[in-house]
Undergrad: 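Encoded as structure tokens, here's the structure I'll be asking about.
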Amino acid sequence: MSPFKLIVLALLGAQTLVVGAEPSNPGETKAIANPSAPVAGGIPSETLTALELQGRQLYLEGKSSNGRPIVADREGGIKLRGQQAACVQCHLRSGLGGVEGNEAIPPISGRAIFGGGNPVIVEVDRLFNKSLSTPPKPYDDKSFRSAVRLGQHVSGRKLSALMPRYELTDEELRAVSAYLKTLSKTWSPGAAEKEIHLATVITPDVSPERRKVFVDTLNAILNQHNVNVATAGKHRITPIEKRLHSRRTWALDVWELNGPSSTWAEQLEKRQQEKPVFAVLSGLSESEWQPVQDFCEIQKVACWFPSVDLVPEEANKGKYSLYFSAGIQLEADVISKQLLSTSKKPGKIVQLIGESALAQKAASTVRRHLAKSGADIQDIVLNQSAADSTATLLKSLKPEDAVLLWLKDNELNNSLTGLAAPLSAVYVSSTLAGEKMPAWSVDWSKNAWLIQRSELPKMRSANLTRFNDWIRYRQLTLLDEKMQSEVYFAVNSFSWMLSSMLNNLHTDYLIERAEATLSMREAMQVQEEVQSMMMGGGGHGPQPVNNSSKSKPTAHKVDMDFLMKRTGTTAYPRISLGIGQRFASKGAYVRPLVSDMNIAESGAKWIVP
Ligand code: HEC
């Protein structure tokens with residue numbers, strides 16, 4: 001058995017333990033009979049006092065007010081300086097901590113350590129079990145100084161060696177404690193005692209048919225969440241969640257944007273002012289998403305796994321937006337890597353570019369990557385008037401040349417008449433052309449590749465067994481498996497994260513939870529699904545009596561071998577995040593473009609650029 005499997009099984013064991021487990025120290029948590037919610041509303045940084053701002057700089061950057069890097073001692077005589085020593089490295093932006101290796105990092109927000117309000121209780125996911133933080137007896141200024149300087153817990157015990165010992169002045173310590181008191185003080189907007197307010201965003205380019213299917217899918221899974229909350233007794237809910245009343249129903253608004261993208265920011269802000277949301281849950285766009293990401297960053301609202309192929313520039317630098325993958329630019333990254341790494345450099349590289357924004361983005365990304373390589377690269381934007389000159393150019397290509405096809409299915413068929421095989425490489429974008437064998441590709445048995453971000457067909461259908469059963473059971477129209485399964489995952493993963501957040505409804509914390517636990521949580525889900533199938537449930541929900549005529553679910557033939565080997569629950573191969581990572585799936589397949597699926601799959605390589 002692989003080490004990975006061992007871990008997963010241990011996790012599963014741990015989870016079953018936790019479901020029935022009481023908090024490690026029941027005496028401490030009994031006091032929370034009636035946890036009343038902190039008032040909603042964030043604290044914009046402008047309202048911080050000078051002292052709090054000093055504290056923030058120390059906490060986040062490890063710099064004291066005069067710009068001097070702070071210094072701390074670590075076990076074994078190691079000195080930490082500046083950013084390395086910043087509290088945020090371990091206690092995180094929310095101040096609510098997490099896990100480092102197998103060691104719990106406790107919450108140190110003001111309420112958590114100085115008291116004054118309900119105790120802060122967080123779930124700590126250690127590698128092999130899960131537990132709850134035990135709120136300490138409140139610190140005062142003096143005991144806080146001893147903790148940070150000398151590593152002394154308020155109870156008198158020594159803090160673990162992982163917590164560095166800091167050389168900080170009284171003034172610096174006052175600044176940090178003032179900042180801690182502002183951290184995770186009030187819930188983020190949109191969170192309330194009984195209900196979480198959410199929105200999803202649809203951009204105007206989406207067709208009415210796709211819009212409807214998207215909204216229907218989203219509502220179906222959301223309703224299911226709400227029904228589960230309403231009938232909590234029958235569903236798995238941990239004792240601590242019961243005690244804290246931390247399972248909440250969700251209310252979703254559909255924000256349909258209209259007009260040019262330059263006006264979207266205003267539309268989004270207006271909506272947020274009228275009725276603030278805690279997160280933008282999923283979302284759908286076939287063109288731009290940048291204004292939506294900008295909105296999330298400015299308003300500090302989580303943008304939770306939208307279904308978009310054109311991911312904004314610098315999405316990896318955002319704090320609040322999580323994506324399935326880097327979109328079509330990732331295909332461009334992978335192709336560029338392939339072109340730059342082959343031992344035999346291609347002669348001329350021709351990009352045929354369709355009229356969509358996606359195609360143009362992809363082509364410009366390749367151009368940027370290859371700019372310094374000295375490659376001879378030529379871009380042709382396909383349109384009717386250029387058809388003749390394009391055909392002439394394609395005919396003139398030599399065997400050492402390469403062609404990149406940023407074309408949709410219909411564009412492909414029309415424009416390649418002049419193209420003669422073989423070339424050194426032909427790359428086809430699956431985001432644009434789809435994942436099926438294009439009709440024209442029969443002649444391309446050699447050196448033609450499909451670039452595909454999602455999982456290969458057999459494994460993908462194994463991954464999506466539960467999803468497809470659910471679609472059938474709910475009698476939903478299956479129009480676009482990738483998009484709808486993304487919606488399904490977005491809602492489920494949001495639910496996992498929220499339930500593990502207990503009563504700490506802070507956007508920073510939500511993102512931190514996802515960074516730290518998304519892949520672990522998905523692995524648990526896989527095990528759960530596999531187990532339920534082995535126990536005869538098959539993961540197959542009851543079959544609907546009569547299928548709606550529009551719904552044409554694919555025949556359900558999933559290979560058992562693949563079912564057992566699978567690692568995911570999405571259309572993507574592996575999902576994982578880490579601190580600061582914004583894309584859950586990081587690579588793409590380069591798959592031979594041949595009609596024999598077995599060859600196509602066995603010859604596929606997963607490339608992470
Ligand atoms: C390298 C990781 C790391 C960094 C950096 C770090 N801490 Fe800690 N901190 C810990 C760990 C681990 C504990 C828990 C130790 C224990 O309970 O034995 C802890 C505990 C604490 C406690 C006691 C909390 C309690 O529940 O009693 C305080 C207060 C604290 N840290 C403040 C700070 C401040 C302020 C900074 C920055 C100036 C900081 N820490 C930086 C790892 C870190």
Side-chain angles (χ1 to χ4, degrees), residues 23-25 28-29 51-65 68-127 131-184 504 512 515-516 579-580:
S24 52
N25 187 346
E28 296 267 2
T29 44
L51 188 68
E52 289 160 357
L53 283 169
Q54 273 177 40
R56 184 171 74 168
Q57 184 175 309
L58 200 151
Y59 187 92
L60 294 177
E61 299 165 39
K63 268 196 245 157
S64 92
S65 59
R68 176 185 71 87
I70 60 171
V71 178
D73 290 310
R74 210 116 170 225
E75 211 182 18
I78 300 166
K79 285 243 184 264
L80 297 176
R81 266 196 188 77
Q83 188 67 62
Q84 290 176 316
C87 321
V88 71
Q89 300 282 4
C90 297
H91 295 283
L92 306 184
R93 297 180 68 81
S94 66
L96 296 177
V99 173
E100 176 83 35
N102 198 22
E103 191 154 358
I105 315 275
I108 58 165
S109 62
R111 190 156 50 88
I113 57 167
F114 299 115
N118 293 311
V120 174
I121 298 181
V122 298
E123 234 179 49
V124 182
D125 328 70
R126 292 171 210 257
L127 206 48
S131 60
L132 296 166
S133 68
T134 322
K137 162 179 146 220
Y139 282 78
D140 58 17
D141 289 350
K142 187 158 171 273
S143 52
F144 177 70
R145 281 201 297 272
S146 306
V148 181
R149 282 190 185 141
L150 309 171
Q152 192 171 50
H153 189 258
V154 65
S155 65
R157 78 169 164 88
K158 235 172 109 186
L159 289 173
S160 91
L162 185 56
M163 164 71 191
R165 279 44 170 167
Y166 286 86
E167 298 165 20
L168 293 175
T169 65
D170 286 0
E171 166 80 2
E172 287 164 341
L173 283 163
R174 258 200 307 280
V176 187
S177 82
Y179 179 62
L180 293 181
K181 286 172 189 164
T182 71
L183 270 185
S184 298
N504 307 292
E512 290 161 10
E515 290 174 341
I579 292 185

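Whatever order the structure lists them in is the order used to number ligands and atoms, beginning at 1.
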Undergrad: Are R174 and E52 close enough for a salt bridge, meaning some N to O gap below 4.0 Å?
TA: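 Answer for the salt bridge query: no.
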Undergrad: For the CD atom on E75, are there more than 12 heavy atoms of other groups (residues, nucleotides or ligands in this structure) within a distance under 6.0 Å?
TA: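 Counting neighbours around CD of E75, 12 or fewer heavy atoms of other residues, nucleotides or ligands fall under 6.0 Å, so no.
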Undergrad: Among all protein heavy atoms, pick the one closest to atom 18 (O) of ligand 1 and tell me residue, atom and distance.
TA: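 For this ligand atom, the closest protein heavy atom is S160 N, 2.7 Å.
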Undergrad: Give a yes or no on whether a salt bridge exists between D73 and R149, defined as a side-chain N under 4.0 angstrom from a carboxylate O.
TA: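 No, no charged N to carboxylate O under 4.0 Å.
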Undergrad: Could you pull out the closest heavy-atom pair between S94 and E512, with the gap in Å?
TA: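 Closest approach of S94 to E512: OG-OE1, 2.6 Å.
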Undergrad: Of all the atoms in ligand 1, which lie at a distance below 4.0 Å from a heavy atom belonging to A104?
TA: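 Those atoms are 12 (C).
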Undergrad: Can an N or O of R157 be found at a distance shorter than 3.5 Å from an N or O of ligand 1?
TA: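 N/O-N/O distance below 3.5 Å exists for this pair.
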Undergrad: With atom 8 (Fe) of ligand 1 as the centre, enumerate protein N/O/S atoms below 2.8 Å in chain and residue order.
TA: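 The answer, once waters are left aside, is H91 NE2, M163 SD.
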Undergrad: Distance under 4.0 Å to a non-hydrogen atom of P136: what atoms of ligand 1 satisfy this?
TA: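 Answer, ordered by atom number: 26 (O).
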Undergrad: Check this for me - ligand 1, Y139, N or O atoms closer than 3.5 angstrom, yes or no?
TA: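 There is such a contact, yes.
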Undergrad: Return a yes/no value for H153: is any of its N or O atoms, backbone included, closer than 3.5 angstrom to an N or O of ligand 1?
TA: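 Indeed, backbone or side chain, H153 has an N or O that close.
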Undergrad: Where the side chain of E172 meets the backbone of L58, is there a donor-acceptor pair that is under 3.5 Å apart?
TA: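 Such a contact is absent between E172 side chain and L58 backbone.
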Undergrad: Below 6.0 angstrom between ring centroids: does that apply to F114 and Y139?
TA: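 Between Y139 and F114, which both carry aromatic rings, the centre distance is not below 6.0 Å.
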Undergrad: Against heavy atoms of A86, which atoms of ligand 1 measure under 4.0 Å?
TA: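 So the atoms of ligand 1 that pass are 5 (C).
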Undergrad: Looking at every non-hydrogen atom in both residues, tell me the closest pair between S133 and V124 and how far apart they are.
TA: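 Closest approach of S133 to V124, heavy atoms only: N-CG2, 3.9 Å.
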Undergrad: Could you walk me through whether V122 and V120 pass side chain to side chain contact (heavy atoms under 4.5 Å, CB included), step by step?
TA: CA-CA 7 Å; V122 298; V120 174; 4.2 Å; yes
Undergrad: Charged N to carboxylate O under 4.0 angstrom, K79 versus E167?
TA: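 Salt bridge flag = yes for E167 with K79.
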Undergrad: So for atom CG, which belongs to L150, do other residues, nucleotides or ligands contribute more than 12 heavy atoms lying within a distance under 6.0 Å?
TA: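 Enclosed: over 12 neighbouring heavy atoms sit under 6.0 Å from CG of L150.
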Undergrad: Return the residue, atom name and 0.1 Å-rounded distance of the protein heavy atom closest to atom 5 (C) of ligand 1.
TA: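 Nearest neighbour among protein heavy atoms for atom 5 (C) of ligand 1, to 0.1 Å: Y166 OH, 3.3 Å.
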